[in-house]
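Because the structure is predicted, anything quoted here is derived from the model rather than measured. In this chain, residues are counted from 1 in sequence order. Counting starts at 1 for both ligands and their atoms, following the listed order.
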Amino acid sequence: MPLILDGNRVRDEIKSECRPRVERVLAHAGRPPGLSVVLVGDNPASQVYVRSKTKTAGELGIYNETITPPASITTEELLALVNELNNRPEVDGILVQLPLPKHIDEQRILLAVSPEKDVDGFHPCNVGRLATGRPGPRSCTPAGIIELLKRYEIPIAGKQAVVVGRSDIVGKPMSFLLLHENATVTICHSKTRDLPAVCRTADILVAAIGRPAMVTADFIRPGAVVVDVGINRITNRAEAERIFDPSRLADFDKRGTLLVGDVNPVDMAHISSAYTPVPGGVGPLTIAMLMKNTIESAERRTGLC
Ligand code: NAP
């Protein structure tokens, strides 16, 4: 039986390690760590993500606020808001929830966030710190995956790692983090030739593609560790029948929808030696790492480290 890498368990561990660090900042600086979230417009998915982030921050005693400018805000107005947050001493972390409305220059906004408050790790300064192995905030999802692998004592050094996806948020930072852990890393994308053959070389296969169950048995080397980053919602029964074990179809019929990753769940469970389930694998770690980044920023800014 493969090992199921339980993201909820690791998330709870990370959260319980955060609590005393919040107390320490409070005792030292007379204020808790502070996180400011900017949520532009009324995208329902973004609203759900932001609520989960601020709820977790609240549970940990992190001061948090959500600023909700209307979708009609201009790039200049949003830049002014980010600048104001950069200058507020009690704000240690600034998170601009993506995606932003199309008329806003997203790159200019992300560049305007002070690198020392960039708890998403998206600022080019922090990407440079990551690339060169210097300390700094790391992109939350890949950093959470490294935590998960380490806490399950999955060896990384010397292993062949294949990352499918080269986004700035997941694929690229994931590849750097695995490289810093001394894996031999191959990065794949939509132009990679014979993707299944490349993936079959992996001891550790990370799928961050955004295509439901695209990675099937022919991509997975027997005994590989498979990390499925994808979160895709299936609403079509024929697709559910193609992807899931018949025992899951009752769930689909009840809810009219199921979540699936980028890896076929049945194949992954049969062929891998360890894998992250969807949901309950990688997903829970992202918010926990955001909290960790916010606390680390507060520790740095208040002179605790
Ligand atoms: P993204 O920005 O759309 O990037 C997708 C990557 O997959 C791109 O590099 C793309 O290649 C590659 N790709 C697309 N189709 C491919 C194909 N047929 N063969 C090989 N490569 C292909 O997505 P993302 O933001 O990295 O997210 C990826 C997935 O992770 C999504 O399902 C997202 O919902 C999920 N996600 C989960 C979390 C979490 O907390 N669990 C966090 C972030 C994202 P090109 O560069 O060549 O286009």
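In the hydrophobic clustering, I243 connects to I234, F244, F252, L258, V260, either directly or through intervening members, whenever side-chain heavy atoms lie under 4.5 Å apart.
Using a 4.0 Å heavy-atom criterion, the residues that approach ligand 1 are T141, V164, G165, R166, S167, V170, H189, S190, L195, A208, I209, G210, R211, M214, V229, G230, I231, N232, D262, V282, G283, T286.
Exactly one of R151, R11, R24 qualifies for a salt bridge (charged side-chain N to carboxylate O under 4.0 Å, His left out) with E17. That residue is R151.
In this model, a donor atom of one side chain and an acceptor atom of the other lie less than 3.5 Å apart for E65 and S36.
Applying the salt bridge (Lys or Arg N to Asp or Glu O under 4.0 Å) test to every pair with at least one member in residues 219-240, sequence neighbours left out, gives these pairs: D203-R221, R237-E241, R237-D253, E239-R242.
Annotation: side-chain contact (heavy atoms from CB on, under 4.5 Å) contacts of S167 (sequence neighbours excluded): I169, V170.
Both tests do not hold together for R138 against F176: distance to the six-membered ring centre under 6.0 Å, angle to the ring axis within 45°.
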